[in-house]
Amino acid sequence: MPDLLESTEHGITTLTLNRPERLNALSPEMTAGLREALARLATDHSVGAIVIAGAGRGWCAGGDVKTMESRGRDQSFEDRVEGLRHVHQLPLFVRRMPKVVIASINGPVAGAGLGLALACDLRIAGKSARFGTAFARIGYSGDWGGSWSLTRLVGTAKARELYFTADLIDADTAGALGIVNRVVADEELHTETMALAGRIADGPRVALGYMKANLLAAETESFQTVLDLEAEHQARCAYTEDHKEAVAAFNEKRRPVFRGR
């Protein structure tokens, strides 16, 4: 079986991390598959939302510790740095792409897997989900942007605690800290995720893409910069068919039917 599965239904594409025997630890095939799929889906007008799920009992355990020694044996320092910079294009792209990406977290997520989850726009966790930075357990300092994302979600003090101790936290704690948007019963995870993804996929896709860009800029840019960006994006939305349909639906007292144009 491939390390990444893909399916599309009702405008929602689900990418399933598929190494259940390794708790979906990242492999070169999986990361390459994610890069290819996300780059293609970013410009696919038939797709309104993307869900990243995990096969089996875990979401993503991060890097595959069993292969770390053999993979790095013949690498120079410079090659390691360049390799990580190349892989880091994936979480960066998840944050920047114009489609909304939802992590549907069904079990343990750690290390680089946590970085991938935090790069997603929304996170829904089942009760069985567990979260950990994990890097301190294997003598690593962290990658995949987790230190940046976690600091902005939980604040500097808690982010430092979670990194320095590598403690695992349960789904309810992650919800209380703001790491996940929702915590649901395990048996309801798929249904709840698809319901949310469906709402987003049925929305004004062009506007949602600009909205995502505004919110990304809001994390690092000045108020003035974001105001200027909002002005440009709002003006662009005014020319879309979706905006015109929404205004017509409001006046006609009906639900709008968005076409992503």
Side-chain angles (χ1 to χ4, degrees), residues 4-17 34 36-55 59 91 93-106 116-126 129 175 178-219 226 229-261:
L4 184 72
L5 305 177
E6 179 176 339
S7 62
T8 300
E9 188 175 5
H10 304 305
I12 305 165
T13 293
T14 300
L15 301 174
T16 303
L17 311 179
L34 283 169
E36 185 281 328
L38 291 170
R40 170 169 40 82
L41 295 169
T43 58
D44 188 338
H45 298 300
S46 69
V47 174
I50 298 165
V51 172
I52 301 180
W59 195 78
F93 188 76
V94 171
R95 292 186 63 85
R96 289 180 172 176
M97 71 182 298
K99 301 295 175 69
V100 176
V101 184
I102 304 170
S104 182
I105 302 171
N106 58 308
L116 176 60
L118 297 181
C120 295
D121 299 293
L122 301 169
R123 288 160 292 281
I124 301 180
I179 293 174
V180 298
N181 298 85
R182 301 180 187 178
V183 177
V184 300
D186 290 337
E187 61 272 19
E188 297 174 0
L189 178 60
H190 177 75
T191 301
E192 291 290 331
T193 300
M194 289 301 146
L196 178 59
R199 287 182 60 188
I200 292 168
D202 289 342
R205 297 176 185 178
V206 176
L208 291 175
Y210 286 132
M211 196 179 295
K212 179 170 175 175
N214 293 343
L215 292 166
L216 180 61
E219 293 179 335
V226 175
L229 199 61
E230 286 183 342
E232 179 183 341
H233 290 164
Q234 191 85 324
R236 290 186 184 278
C237 288
Y239 294 99
T240 64
E241 292 180 22
D242 281 349
H243 168 67
K244 296 171 184 175
E245 161 64 9
V247 173
F250 178 84
N251 290 327
E252 295 166 13
K253 295 181 174 57
R254 60 175 176 83
R255 290 187 62 185
V257 179
F258 296 117
R259 306 291 184 185
R261 297 192 291 267

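Counting from 1, the numbers follow the sequence of the chain as shown.
For the atom pair OH of Tyr210 and OG1 of Thr240, the computed distance is 9.0 Å after rounding to the nearest 0.5 Å. Within the model, atoms CG of Leu38 and CG of Asp44 stand 12.0 Å from one another, a figure rounded to the nearest 0.5 Å. Atom-to-atom distance recorded for Thr16:OG1 and Ile52:CD1 is 10.0 Å, nearest 0.5 angstrom. Distance check: Leu118 CG to Ile179 CD1 gives 7.0 Å after rounding to the nearest 0.5 Å. Atoms CD and CD, on Glu6 and Glu36 in that order, are 7.0 Å from each other to the nearest 0.5 Å.
Of the listed residues (Arg261, Arg254, Arg259), just one forms a salt bridge (charged side-chain N to carboxylate O under 4.0 Å, His left out) with Glu245, and that residue is Arg254. Put simply, the residue from His233, Glu232, Glu230 that forms a side-chain hydrogen bond (donor to acceptor under 3.5 Å, both in side chains) with Asn214 is His233.
With hydrogens and angles disregarded, no donor-acceptor distance shorter than 3.5 Å links the side chain of Arg123 to the backbone of Ile105. Remark: side-chain polar atoms of Asp121 are not paired, donor with acceptor, to backbone N or O of Ile102 under 3.5 angstrom. Under the 3.5 Å distance criterion, the side-chain polar atoms of Lys212 are matched with a main-chain donor or acceptor of Met97. A distance-only check finds a donor-acceptor pair linking the side chain of Lys99 to the backbone of Val47 [under 3.5 Å].
Taking 4.5 Å as the limit, every side-chain heavy atom of Leu34 sits out of range of all side-chain heavy atoms of Val94.
A search for side chain to side chain contact (heavy atoms under 4.5 Å, CB included) contacts involving Gln234 returns nothing, not counting sequence neighbours.
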